[in-house]
Structure formats: structure tokens, C-alpha cells
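Before any comments, here is the structure.
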Amino acid sequence: MQRPFPKDVDEQRVHALFAVYGRITKVRLRFQQSNLQQKDSVYIEFESSADADTAVNSPPLQLGSTSDRLECLHKHDYEQQQRSFPQSSSLGTSTGKRKQGSADSVQDNAANLGSDHEESRKRRKLAAAHAKQIDELQAALKREQAQIETLKEAAKKAQHEASNAQASQKLAQSQLISKNIEMTSLKGQLEAAVKRAKANAESVHAQYRPKVQNLEGQIQELVIRSIPLRKPAFSTLGSEAAVSLDPANSLSETG
């Protein structure tokens with residue numbers, strides 16, 4: 001037997017709660033005879049007494065609680081506890097004493113019922129508070145899960161953008177490498193063309209240099225040869241001019 005237990009619990013829930021201790025052969029809910037309302041305790045029978053001892057020594061947590069555990073008792077301990085409650089006195093021989101004993105017993109039973117009712121009310125209030133706390137925690141958990149999902153989506157999007165950026169960077173690097181290779185090739189071609197042009201110029205220069213030097217020599221020789229030819233012509237012209245300009249000489253020579 002275990003208590004306190006919610007009055008709206010069913011056998012399946014009780015079975016699921018205690019199945020961790022071992023094989024259960026029977027679960028019996030307890031009801032009040034006066035109003036048939038469910039009591040806050042149940043009977044549970046285990047197939048093995050060792051499993052029952054484990055449940056009694058280490059009872060599960062109360063439903064809706066994170067720290068308070070249920071009170072579990074063996075059947076004989078529960079019956080002994082019930083027998084220890086005040087009963088009607090049978091030692092008196094007079095009717096008055098028997099009535100007084102009965103009245104005391106009824107009063108004690110009423111006090112016990114009142115105490116049990118108050119305890120049950122406190123437990124129900126505590127269970128309601130625990131249930132409210134659980135609902136609040138569940139709502140907070142849902143909010144946290146929603147935030148986690150939002151963060152996951154944002155992280156996924158950022159990762160996708162990072163992947164795209166990395167791909168773009170790789171493409172740009174590849175294009176840069178291609179351009180560098182192309183520029184290197186063009187530079188090599190340009191250097192080769194410059195070398196070929198220089199070699200061609202040197203070849204042409206070497207080929208025509210003797211001819212140019214030969215022509216220069218011929219020109220210089222012709223210039224040198226033309227100098228004597230020009231001097232007599234200038235002298236003859238001068239004498240003729242002198243003869244023609246001197247009438248006396250002309251006349252004397254004529255006579």
C-alpha cells in the first residue's frame with residue numbers, strides 16, 4: 001500500500017508507476033463506503049516479496065513532485081497501524097462506560113477523519129500547486145524549444161551562407177590563379193618576342209653593316225675624286241674672264 005495518492009488516478013497509471021520495481025500481480029483502488037469516493041491510497045501486490053521490499057524502502061516520487069516521495073507500507077504494517085488507532089473500550093462492565101467508550105471512539109474517529117480530511121485537502125492543494133508548476137515548466141520548456149528551433153534555423157541559414165561565401169571565395173581564387181597563369185604566359189611570350197626582335201635587329205644590322213660601310217667608302221672616294229676636277233674649271237673660267245675684261249690686252253693681242 002502507498003499514500004498519498006491522487007484520487008483521480010486509475011489502475012494503469014499505478015501499474016506504470018510501480019512496474020519499475022518488478023512484476024505486479026494486482027492493483028486495487030480503495031473507495032469510501034459512505035460516498036464511494038476514491039481514497040488517497042491503493043493496494044499493490046508484487047509477484048516477488050523482494051520487489052515489494054524495494055518499493056517500500058525506495059518509494060517513487062509523488063505525482064507532480066520532484067522531491068516528495070510516496071509513503072509505502074507492507075500490508076501487515078498497515079494493518080498494525082490501523083489497529084493502533086483508539087477503539088471502543090471493552091473493559092467496562094456498565095452500560096454507561098460502554099456508551100462513554102463508544103462516544104470516545106466515535107469522537108476519536110471523527111477527529112481522525114477530520115485530520116485525514118484536512119491532510120487530504122492539503123495534499124490536493126499541494127498537488128494542484130505542483131500541477132500548476134509542471135504546466136508552467138512545460139510552457140517554459142516549449143518556449144525554450146521554440147527558441148532553440150529558431151536558433152537552429154538561423155545557424156543553418158548562416159552555415160548555408162558561409163558555404164556559399166566559401167564557394168565564391170574558392171571560385172575567385174581559382175579565377176585569380178588562372179589569370180596569374182595567363183599573365184605569366186603572356187609575359188613569357190612578350191619576353192620571347194622582344195628577344196626575337198632584338199635578335200632580328202642585330203642580324204639585320206650585322207647583315208647590312210658591311211654594305212653600308214662599303215657605300216660610305218664609295219661615296220667618300222667619289223667626293224675625293226671630284227675635288228681635282230672642279231678646280232681647273234674654276235681657273236679657266238677666271239682667265240677667260242680676265243681676257244675679256246682687259247680691252248687693252250685684247251687689242252694688243254689682236255694687232
Side-chain angles (χ1 to χ4, degrees), residues 12-13 16-17 19-21 58 60-67 129-250 253-254:
Q12 288 78 10
R13 196 172 182 184
L17 184 63
V20 295
Y21 295 101
S58 180
L61 295 173
Q62 295 183 15
L63 295 177
S65 175
T66 58
S67 59
H130 288 164
K132 182 179 180 181
Q133 185 178 8
I134 290 174
D135 292 339
E136 292 176 352
L137 292 175
Q138 288 177 347
L141 179 61
K142 288 182 179 179
R143 291 193 297 270
E144 292 294 334
Q145 289 176 346
Q147 292 180 358
I148 291 173
E149 292 298 328
T150 302
L151 292 176
K152 284 183 179 179
E153 290 296 329
K156 186 176 180 180
K157 183 178 179 180
Q159 186 177 3
H160 181 69
E161 293 177 352
S163 299
N164 292 337
Q166 188 175 6
S168 299
Q169 184 180 5
K170 288 183 179 179
L171 179 60
Q173 289 177 350
S174 177
Q175 292 176 350
L176 181 60
I177 292 173
S178 299
K179 290 296 182 182
N180 289 334
I181 294 174
E182 184 178 357
M183 290 179 63
T184 302
S185 177
L186 291 175
K187 185 178 179 180
Q189 294 177 6
L190 179 60
E191 291 177 353
V194 170
K195 287 182 180 180
R196 287 194 301 269
K198 186 176 181 181
N200 291 333
E202 290 178 354
S203 177
V204 171
H205 186 67
Q207 182 180 358
Y208 288 98
R209 182 184 299 171
K211 295 181 180 180
V212 172
Q213 291 177 353
N214 187 19
L215 290 174
E216 289 178 349
Q218 293 178 5
I219 292 171
Q220 187 175 5
E221 184 178 356
L222 289 174
V223 170
I224 294 172
R225 289 178 180 180
S226 65
I227 292 174
L229 295 175
R230 287 180 295 176
K231 286 182 178 181
F234 294 146
S235 300
T236 304
L237 181 60
S239 62
E240 291 177 353
V243 171
S244 61
L245 291 176
D246 191 359
N249 292 336
S250 299
E253 288 179 357
T254 301

Once rounded to the nearest 0.5 Å, what's the spacing between atom [atom1] of [X] and atom [atom2] of [Y]?
{"X": "Q189", "Y": "E191", "atom1": "CD", "atom2": "CD", "value": "11.0 Å"}
{"X": "N164", "Y": "L171", "atom1": "CG", "atom2": "CG", "value": "12.0 Å"}
{"X": "Q133", "Y": "D135", "atom1": "CD", "atom2": "CG", "value": "10.0 Å"}
{"X": "Q218", "Y": "R225", "atom1": "CD", "atom2": "CZ", "value": "9.5 Å"}
{"X": "N180", "Y": "Q173", "atom1": "CG", "atom2": "CD", "value": "11.5 Å"}
{"X": "Q166", "Y": "Q159", "atom1": "CD", "atom2": "CD", "value": "10.5 Å"}

Side chain T150, main chain A146, donor-acceptor under 3.5 Å =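 Between the backbone of A146 and the side chain of T150 there is a qualifying donor-acceptor contact (under 3.5 Å).
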Any side-chain heavy-atom pair of K157 and H160 under 4.5 Å =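 Contact flag for K157/H160 side chains = no.
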Does the side chain of Q220 reach to within under 4.5 Å of the side chain of E216, using non-hydrogen atoms?
->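 Counting from C-beta outward, Q220 and E216 never come under 4.5 Å.
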For E161, which residues count as a salt bridge (charged side-chain N to carboxylate O under 4.0 Å, His left out) partner, sequence neighbours excluded?
->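 Salt bridge (charged side-chain N to carboxylate O under 4.0 Å, His left out) list for E161, sorted by chain: empty.
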